[in-house]
Each structure stands twice: as structure tokens, then as C-alpha cells.
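Note that ligands are numbered from 1 as they come in the structure, with each ligand's atoms numbered from 1 the same way. Not measured: the values here are computed from a predicted model.
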Amino acid sequence: MSYLTPKPLTPKITLEEHFLTEYFNKFEDSIVKSFRPNFRHWMEDRIGEFTEKRLESMDEHGIELQVLSLTVPGIQAIKDANEAVYQAKSVNDFLAEITYKNPDRFAGFASLPCQNPQEAADELERAVTQLGLKGALINGHTNGEYLDQQKFWCIWERAESLGVPIYLHPNSPVDQWKVMEGYPELTKAMWGWGVETATHTLRIILSGLFDRFPKSTLVLGHMGETLPFTLQRLDDRFGVGADNRNLEKTPSQYIRENIMVTTSGVCSPEALLCTQLAVGTDRIMFSIDYPYQCPEEATKFIESAPLSPSDLRKICYENAKKLLSL
Ligand code: MN
């Protein structure tokens, strides 16, 4: 028996924590259905639930507040624009209800019907100003279209003026890449999601969007989807192949100034240290990716990471509090 008092848990706010409604679970590509039966049942017990297991798990791991979002593929999978608008509004109303019932424990990121960009911008404003949601989470491409396209800039403009972040969550690549052929697991969370999301982010950076909307904040999960590892290479080679971008800054500057990263789904001290050196402590936020990532593993990882007490508190709590104006 140790005579040392166990270290109390650091208070936490987590930002990539998912839910699923019956309507979205009906989709053929509902992510829950892609897991092996044992784990699938475990998740199905948790992903649509807000009053017991989720709260127990939060209490057990020092999580004061979960910022909830509809799980992938969500609204992004809907083909018809009017249907997407209708479903986004109804899922945002549903999410707002959850946060009203338990405002001390839950906040939310809105779903946006990017199928109609103007409606998406208006829905973001409604979600933030009327429903009290804290920003939006977009599940990657919408029917093969990426957020660097000019037609989506009205969404960024609205997010910037509302002062709320857009969380870019992974989704499967649009096409089957030749290099992944024969290895379907490579197109999923193991690898393809990160490559897809990092590339989507670089499209946004190279489009000049952050020059036009310099106060925008894009949030990336999974320890920055490998981008923190690549900053020097990006800056060194971004002129090769296209020299007419006329960007005001280098790629790494946008990553350090317009992007925040969460630790969702990555429980790796070496990745955390790389990210801390690359983008700085103030831009990293702890998250779990509930219920896909084991909360116990994620909590053990962050509580035992080689961080000073003040850096740990920033990453677990203060940075998120500031970003979301809580
Ligand atoms: Mn996730």
C-alpha cells in the first residue's frame, strides 16, 4: 500500500464526443455498423444515451463537460439539399434539448447542411445565437465537395463573425485511391481518414481562405491529423508545382494561427510532444472521441503525459474554455 495520496484528476472539457440518433443510424454507412459485434454493442449502448453511462464515464474520468456532435457521416451523407437542411435543423434542436437539460455537463457543436451553403451559414447562426451551441462540426467532404470552394466561404464568414470554431472531422475519402487498393482498412480511421482530413485542411490553407477570414478557427482532431509533424516540410516545398498562390503567410503560420488540435483518439506521448513543440501548448485540447476511444486509456494517457501542471490544465480545460467562451 502506498502512503502517497493518489493524484486528483485534472478537470476536463472534451470536444469530440459523439452521439447518434435513430434516423442517422438507419444509414447504410452508419459508422457504428462497421465495428465488430462485441464493440458495436458496447457503442450502441452508449452513443444515443445521455443520462447514465455517459455521465458515469465522465464522472469517473474528471470530465466536467462534453461538447457533443452528431457522429460521422451525419448530415454530410445526405444527397438531397432540402432534406439536409431539414435534418440539420432537427438534429440541432435535439442537441439543444440535451444541453438545456444538463447545461453543466453538455454543450454542443451544430451539424450544418453544407449541401446548401447559404442555409448552412444561416443554420450556424441560428444554432449559436438561438440554441446556444458553440460552433459546428463538419464531417469532411459533403458529397465530394470540400470547404475550400468559394461557394462555402459564406459559412466561414459567418463563423468568423460569430466568433465560433468549425471542427473538421474525418470521413472516408471520396474515391478509392489506387495505393489503398486491396487494403480496405487503409481507407478507414487507421490511415485514410487522417490523410483525407489533412489534405482537406491543406486545400483550405492554400485557397487563401485564412487570408480572407483571418480570425477563423478550424479545429482538427486526432492530434492534428499528422500535420504538426510536417510543418517544416510544408513550408520548404509549398512553392513547388504551383507558384501563384499569393498567400500572405506560410502554411505553418496558418496552422499555428488558425488551427487548434485535439488529442481525440490518439493516446501517444510522442505525438503529443511533437504537437506541443510544433504548434504550442495553447493550441492543444484534450478530447476522447467517445464512445469510439476508451475513456480510461485516454485519461491515463493525458494524466501521465510529461507535461507541467499548468500545461496539463491548459490542455485539459483552459484552452477549450477560452475557445468556446464558456
Ligand atoms: Mn470522432
Side-chain angles (χ1 to χ4, degrees), residues 12-21 24-25 27 29-35 39-40 42-50 54 57-58 61 63 65-77 91 95 98 106-112 114 133-142 147 165-173 185 187-201 218-227 259-268 271-272 275 284-299 301-302 320 323-324:
K12 299 174 188 73
I13 297 169
T14 54
L15 297 93
E16 198 194 303
E17 317 309 321
H18 302 302
F19 69 91
L20 182 61
T21 62
F24 287 95
N25 197 27
F27 287 5
D29 53 352
S30 170
I31 182 172
V32 173
K33 293 178 186 161
S34 70
F35 285 89
F39 196 44
R40 180 178 160 179
W42 192 90
M43 280 191 296
E44 280 173 341
D45 271 357
R46 284 161 178 80
I47 197 159
E49 181 276 336
F50 306 91
R54 191 181 288 261
S57 163
M58 289 166 67
H61 301 105
I63 297 162
L65 186 85
Q66 269 194 351
V67 187
L68 299 164
S69 52
L70 177 63
T71 195
V72 67
I75 296 294
Q76 268 57 58
V91 84
L95 175 55
I98 303 292
F106 297 125
F109 284 134
S111 289
L112 298 185
C114 299
L133 301 182
K134 302 297 176 191
L137 180 140
I138 299 177
N139 286 306
H141 63 86
T142 302
L147 294 166
I166 292 179
Y167 200 124
L168 183 62
H169 187 278
N171 197 346
S172 298
E185 64 272 42
T187 67
K188 309 282 184 215
M190 172 192 177
W191 182 249
W193 282 22
V195 176
E196 169 86 7
T197 311
T199 310
H200 191 165
T201 304
L218 170 66
V219 182
L220 290 175
H222 314 99
M223 213 66 93
E225 311 289 1
T226 71
L227 288 174
I259 292 177
M260 295 198 55
V261 311
T262 77
T263 65
S264 66
V266 176
C267 304
S268 147
L272 176 66
T275 306
I284 306 172
M285 300 176 291
F286 176 67
S287 292
I288 288 181
D289 203 357
Y290 184 92
Y292 303 113
Q293 187 69 34
C294 171
E296 192 172 6
E297 187 186 5
T299 305
F301 150 67
I302 202 69
L323 176 70
L324 304 175

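Ring orientation note: the planes of F39 and W42 are close to parallel, at an angle under 30° on the 30°/60° scale.
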* Quick one: do Q66 and T14 satisfy side-chain hydrogen bond (donor to acceptor under 3.5 Å, both in side chains)? Show the steps, please. => CA-CA 5 Å; Q66 269 194 351; T14 54; 4.8 Å; no
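Judged as a side chain to side chain contact (heavy atoms under 4.5 Å, CB included), and not counting sequence neighbours, the contacts of S69 are H18, F109, L137. Scanning for side chain to side chain contact (heavy atoms under 4.5 Å, CB included) contacts around V195 gives W177, W191, T199, with sequence neighbours left out. Not counting sequence neighbours, E49 has no partner by the side-chain hydrogen bond (donor to acceptor under 3.5 Å, both in side chains) test.
Atoms of the protein (N, O or S only) found under 2.8 Å from the Mn ion (ligand 1) are E16 OE2, H18 NE2, H169 NE2, D289 OD1.
Although no hydrogens or angles enter the test, the distance criterion places a donor-acceptor pair under 3.5 Å between the side chain of H141 and the main chain of S172.
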